[in-house]
**Student:** 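Pasting in a structure now, in structure tokens, and then I'll have a few things to ask.
All heavy atoms count here, side chains included; hydrogens, waters and symmetry mates do not. Chain letters run A, B, ... following the sequence lines, proteins first and then strands; every chain starts at 1.
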4 protein chains.
Amino acid sequence: MASLNKVLLIGNLGKDPETRFMPNGNAVCNFSIATTESWKDKQSGQKQEKTEWHNISMYGRLAEIAGQYLKKGSSVYIEGRLQTRKWQDKQTGADRYTTEIIADEMKMLGGRGDGGGGGMGGGYNQQSGGDDFNQEYSAPAQQAPRQAPAQSAPQQAAAKPARNFDDFEDDIPF
Amino acid sequence: MASLNKVLLIGNLGKDPETRFMPNGNAVCNFSIATTESWKDKQSGQKQEKTEWHNISMYGRLAEIAGQYLKKGSSVYIEGRLQTRKWQDKQTGADRYTTEIIADEMKMLGGRGDGGGGGMGGGYNQQSGGDDFNQEYSAPAQQAPRQAPAQSAPQQAAAKPARNFDDFEDDIPF
Amino acid sequence: MASLNKVLLIGNLGKDPETRFMPNGNAVCNFSIATTESWKDKQSGQKQEKTEWHNISMYGRLAEIAGQYLKKGSSVYIEGRLQTRKWQDKQTGADRYTTEIIADEMKMLGGRGDGGGGGMGGGYNQQSGGDDFNQEYSAPAQQAPRQAPAQSAPQQAAAKPARNFDDFEDDIPF
Amino acid sequence: MASLNKVLLIGNLGKDPETRFMPNGNAVCNFSIATTESWKDKQSGQKQEKTEWHNISMYGRLAEIAGQYLKKGSSVYIEGRLQTRKWQDKQTGADRYTTEIIADEMKMLGGRGDGGGGGMGGGYNQQSGGDDFNQEYSAPAQQAPRQAPAQSAPQQAAAKPARNFDDFEDDIPF
DNA sequence: TTTT
DNA sequence: TTTT
């Protein structure tokens, strides 16, 4: 029996995204988004609210776009899969686990951190992107590693982007 | 093998919704929403755009809320199932088919037709709604008929709402 | 801007589910399901595989059904929302976090742990369930608490079910 | 505001899929799948059942795989978008509309028409497919036309496949 | 840490 | 810990 692992989120970034570049030039972008549920308590009739935070990771082309266009407060639609990553607590050496959403699609929805820009929207796809983008964006930049990158990867991240963000500016479809 | 029939849409209403009430007091709300894809054509480099229209049907409590709060231009998240309804072409007597999304969840997302209102958002659930609403909203109003309502239902629809919209105004959680 | 927090999974239970009953008679059911992705490595041409484990929590009526019908190996469709729960490491007193899927819909898909039964499937809904079940299943049993239950709740769980599983056996729609 | 147009289905094929090849060698695959809901009527206590049929269209690589591996009775997971296509009734010249799901992902789930084969499952992605398949599958074969193909396309479809199905047999990841 |  |  095949399996399914799919997450759909709409929420706001709590902080600016963090984008790093791997030695091979691949981008990785991480940020957290908040989703908020509200409901009315049956007993008290009071409005209740609960916020949930979700850790998002993106790779390749999608990471570059997120790093350039998203910021604190941005409203974003994210589609991806759940992944729980194991890591070591440096203090105690104990195993710890963190659950993240590995995104393969993103749509900017505007919102507070929008910067007042006019046209909103557009969808980006992790995988080659149909007609959205030129084929020149190489395969490595378009692959989310299925194995979690080595834990030391962040430190190895190149200080300079492997390619200039400006280079693809005019490929953005808005 | 169990089956799955799920649709998720975010789009804008093309016109104000139409709400009718069945003889038993149940509300039915119909409207269309547009979703627009845009992409860049690989050959020409031109931005392309394509709009798709979706027919939404809601029943019961959800229909009442939609009828009261949505209007032309509203941006809305809809979750539901696909249903293809058979009907007769009165001219020719031929069988015809219309595909609709029977919604069981809705979230208002604001947007152009927002009317400038302050608080937006909140989610409504077709089925009893968890803690969102009081139990007083009766079962009949909360059920989407699994069989398509008789075709003549629209004409039979009560001229007056079975209950006053104002009655539930202060149950709306925003 | 309203938010969205939705997870869709199809996977297999790693162990039998654990069902407990709260002092108020509400059921809680926990289990883990595995989803497996497989792909072919571009370099080596080797088939690769990666398994992800997801912690599922259910409440009320849905928990009772899961506790009765699911077992190790069962294939199941789960729909729900992500929730990250904070807890204290008893050793160190440090804050720790666990991400779970709070399910509000479930469909049994058969599979190895199926027990050889014939007809499988059917969908269950956390919230009142449309026409699926009788209204007699009281609201408390149908609500997933939006606030995580107090941490000590597990220990308080009644040793005996508040109601006999057999009671609702003939309400199961297959 | 960006929009979302997403459909998720699990169902069984009513007939063998029909695969055609466009003059440019691109495959198109069409089939219908049934989803069935069942519930218990509150009044009568009788089990009710309703089947819905969905028209699926696939293009390119995904169409080739579907054409080769799916058959009548196959259980399949489909992800895609809704598209309503306008066509002319040849009799009356009147405008008619057909709603289809343009699939961009598919997972075979086994089931009755499975043929008893061993390994099932695996997921295929319309868009380049991450690591799943070799890059040699050319872009044209991987694109779903956003504009509906010209109505006469079916008749023009090449009598012979542009490439032999056997050619990609060993790329299938199971 | 966001947003309403 | 499942499943293929």
**Student:** Please determine, for the side chain of A/K72, which listed nucleotide (E/dT2, F/dT1, F/dT2) has the closest atom?
**Tutor:**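 The listed nucleotide nearest to A/K72's side chain is E/dT2.
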
**Student:** Starting from P on E/dT2, measure out to CD1 on A/I78 and report it in whole angstrom.
**Tutor:**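 Interatomic distance, CD1 of A/I78 to P of E/dT2: 18 Å.
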
**Student:** Could you tell me whether A/D95 and A/K86 make a salt bridge, using a distance below 4.0 angstrom between a side-chain N and a carboxylate O?
**Tutor:**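 Salt bridge present between A/D95 and A/K86.
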
**Student:** Nearest to the side chain of A/N12, which nucleotide is it out of F/dT3, F/dT1, E/dT2?
**Tutor:**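 Comparing F/dT3, F/dT1, E/dT2 against the side chain of A/N12, the answer is E/dT2.
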
**Student:** Atom CD of A/E18 to atom C1' of E/dT1: distance rounded to whole Å?
**Tutor:**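 These atoms are roughly 12 Å apart.
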
**Student:** What is the nucleic acid contact for A/T51, judged by heavy atoms within less than 4.0 Å: base, sugar-phosphate only, or nothing?
**Tutor:**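 Base: the residue A/T51, judged by heavy atoms under 4.0 Å, touches a nucleobase.
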
**Student:** Let me know the distance between NZ of C/K71 and C1' of F/dT3, rounded to the nearest Å.
**Tutor:**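 Between C1' of F/dT3 and NZ of C/K71: 15 Å.
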
**Student:** Between C1' on E/dT3 and CD1 on A/I10, what's the gap in Å once rounded to a whole number?
**Tutor:**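 Between C1' of E/dT3 and CD1 of A/I10: 13 Å.
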
**Student:** Just the rounded figure in Å: distance from P of E/dT2 to CZ of A/F31.
**Tutor:**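 About 16 Å, once rounded to whole Å.
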
**Student:** Measure the distance from NZ on C/K50 to P on F/dT2 and round it to the nearest whole Å.
**Tutor:**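 It is 18 Å, rounded to the nearest whole Å.
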
**Student:** In terms of side-chain heavy atoms, does C/S3 have a donor or acceptor partner in A/T36 at a distance below 3.5 Å?
**Tutor:**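 C/S3 vs A/T36: no donor-acceptor pair found between side chains.
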
**Student:** Hey, is C/W53 stacking on F/dT1? Ring centres under 5.5 Å, planes under 30°.
**Tutor:**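 Here the ring of C/W53 and the base of F/dT1 are stacked, with centres under 5.5 Å and planes under 30°.
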
**Student:** Are D/K6 and A/E79 close enough for a salt bridge, meaning some N to O gap below 4.0 Å?
**Tutor:**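 Salt bridge present between D/K6 and A/E79.
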
**Student:** Going by salt bridge (Lys or Arg N to Asp or Glu O under 4.0 Å), name the residues that satisfy it together with C/E52, two or more places apart in sequence or in a different chain.
**Tutor:**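 In terms of salt bridge (Lys or Arg N to Asp or Glu O under 4.0 Å), with neighbours along the sequence ignored, C/E52 is linked to C/K50.
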
**Student:** Looking at the side chain of A/T36, which of F/dT1, E/dT3, F/dT2 is the nearest nucleotide?
**Tutor:**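 Among the listed nucleotides, the one closest to the side chain of A/T36 is E/dT3.
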
**Student:** What's the closest nucleotide to the side chain of C/A34 if the choices are E/dT1, F/dT2, E/dT2?
**Tutor:**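 Nearest to the side chain of C/A34 among the choices is F/dT2.
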
**Student:** Any salt bridge between C/D16 and C/K71, counting N to O under 4.0 Å?
**Tutor:**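 So C/D16 does not pair with C/K71 through a salt bridge.
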
**Student:** Rounded to the Å, how far apart are A/E49 CD and E/dT1 C1'?
**Tutor:**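 In whole Å, E/dT1 C1' and A/E49 CD are 15 Å from each other.
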
**Student:** Separation of C/W39 atom CH2 from F/dT4 atom C1', in whole Å?
**Tutor:**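 After rounding, the gap between these two atoms is 14 Å.
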
